[in-house]
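Quantities reported herein were computed from a predicted structural model and do not represent experimental measurements.
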Amino acid sequence: MQEPGTTTRDPAQAMFDDDRASQALGIELVETGSGFAQARMRITDAMVNGHGIAHGGYIFLLADTTFACACNSHGPTTVAARADITFIRPARGGDLLVARAEERTRFGRSGIYDVSVHRGDELIAEFRGHSRSLNGAPEHQPEGAKP
């Protein structure tokens with residue numbers, strides 16, 4: 001039970017607030033909810049590869065960040081156990097990409113989340129992430145322990 005006059009901090013927002021890598025790339029967390037998150041990122045010239053299109057690693061990072069926010073929305077520290085992405089269309093410098101993560105299922109300490117990355121109405125990529133909640137905060141894991 002929460003004490004009167006106190007507020008509960010959104011666990012996904014709290015995690016994102018400490019995510020310097022995502023923030024350095026200009027990723028913005030737009031919305032979070034139980035098993036859900038939406039984030040956006042503008043493709044800069046520094047994110048374009050030798051083919052003149054957005055480097056896939058940046059699109060993966062946007063999707064992965066959005067996945068992380070969705071799977072951490074429940075509270076316990078949760079990390080990626082596995083993830084893959086399918087690139088549908090290229091993105092280019094100046095494009096604003098929006099990623100939307102949705103929980104498909106949670107079972108035990110595991111979960112499966114799908115993330116769609118769009119530029120406007122166009123689908124750019126589909127990402128699937130498998131999550132694993134840790135028994136305790138990472139700093140409290142015994143040395144050599146596996147989550």
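- Contact record, T78 with C71: OG1-O, 3.6 Å, taken as the closest heavy-atom pair.
- The distance from the CZ atom of R82 to the NE2 atom of H130 is 4.5 Å, given to the nearest 0.5 Å.
- With hydrophobic clusters built from ILVMFWY side chains whose heavy atoms lie under 4.5 angstrom apart, I27 does not share a cluster with M15.
- For the pair E126 and R128, the minimum side-chain heavy-atom distance is 4.5 Å or more.
- Among residue pairs with one or both ends in residues 47-67, those qualifying as side chain to side chain donor-acceptor pair (under 3.5 Å) are S22-T65; sequence neighbours excluded.
- Residues S73 and S34 bring no donor and acceptor atom of their side chains to less than 3.5 Å of each other.
- Checking side-chain atoms of D114 against main-chain N and O of E102 turns up no donor-acceptor pair under 3.5 Å.
- Here the side chains of R92 and I43 are not in contact, with every heavy-atom distance at 4.5 Å or above.
- Considering CD1 of I53 and CZ of R89, their distance stands at 13.5 Å, rounded to 0.5 Å.
- A side-chain donor-acceptor contact under 3.5 Å links R119 to the backbone of P90.
- The only member of L61, D95, L25 that meets side chain to side chain contact (heavy atoms under 4.5 Å, CB included) when paired with M47 is L25.
- The hydrophobic clustering, which links ILVMFWY residues whose side-chain heavy atoms are closer than 4.5 Å, places V48 and F87 together.
- Residues meeting the ring pair (Phe, Tyr, Trp, His ring centres under 6.0 Å) test with F67, sequence neighbours left out: Y113, F127.
- The distance from atom CG of D10 to atom OG1 of T32, rounded to the nearest 0.5 Å, is 3.5 Å.
- Grouping the Ile, Leu, Val, Met, Phe, Trp and Tyr side chains by contacts below 4.5 angstrom, directly or via other members, places I59 apart from V98.
- Other residues, nucleotides and ligands contribute at most 12 non-hydrogen atoms within 6.0 Å of the CG atom of D45.
- Taking CD1 of I124 as the start and NE2 of H118 as the end, the distance is 8.5 Å to the nearest 0.5 Å.
- Remark: R106 CZ to S131 OG distance equals 8.5 Å, nearest 0.5 Å.
- S110 and R132 get closest at one heavy-atom pair: OG-NH1, 3.1 Å.
- Side-chain atoms of Q13 and D17 include a donor-acceptor pair closer than 3.5 Å.
- F36 and M41 end up in different hydrophobic clusters when Ile, Leu, Val, Met, Phe, Trp and Tyr side chains are linked at under 4.5 Å.
- In this structure, R109 contributes its side chain and S133 its backbone to a donor-acceptor pair below 3.5 Å.
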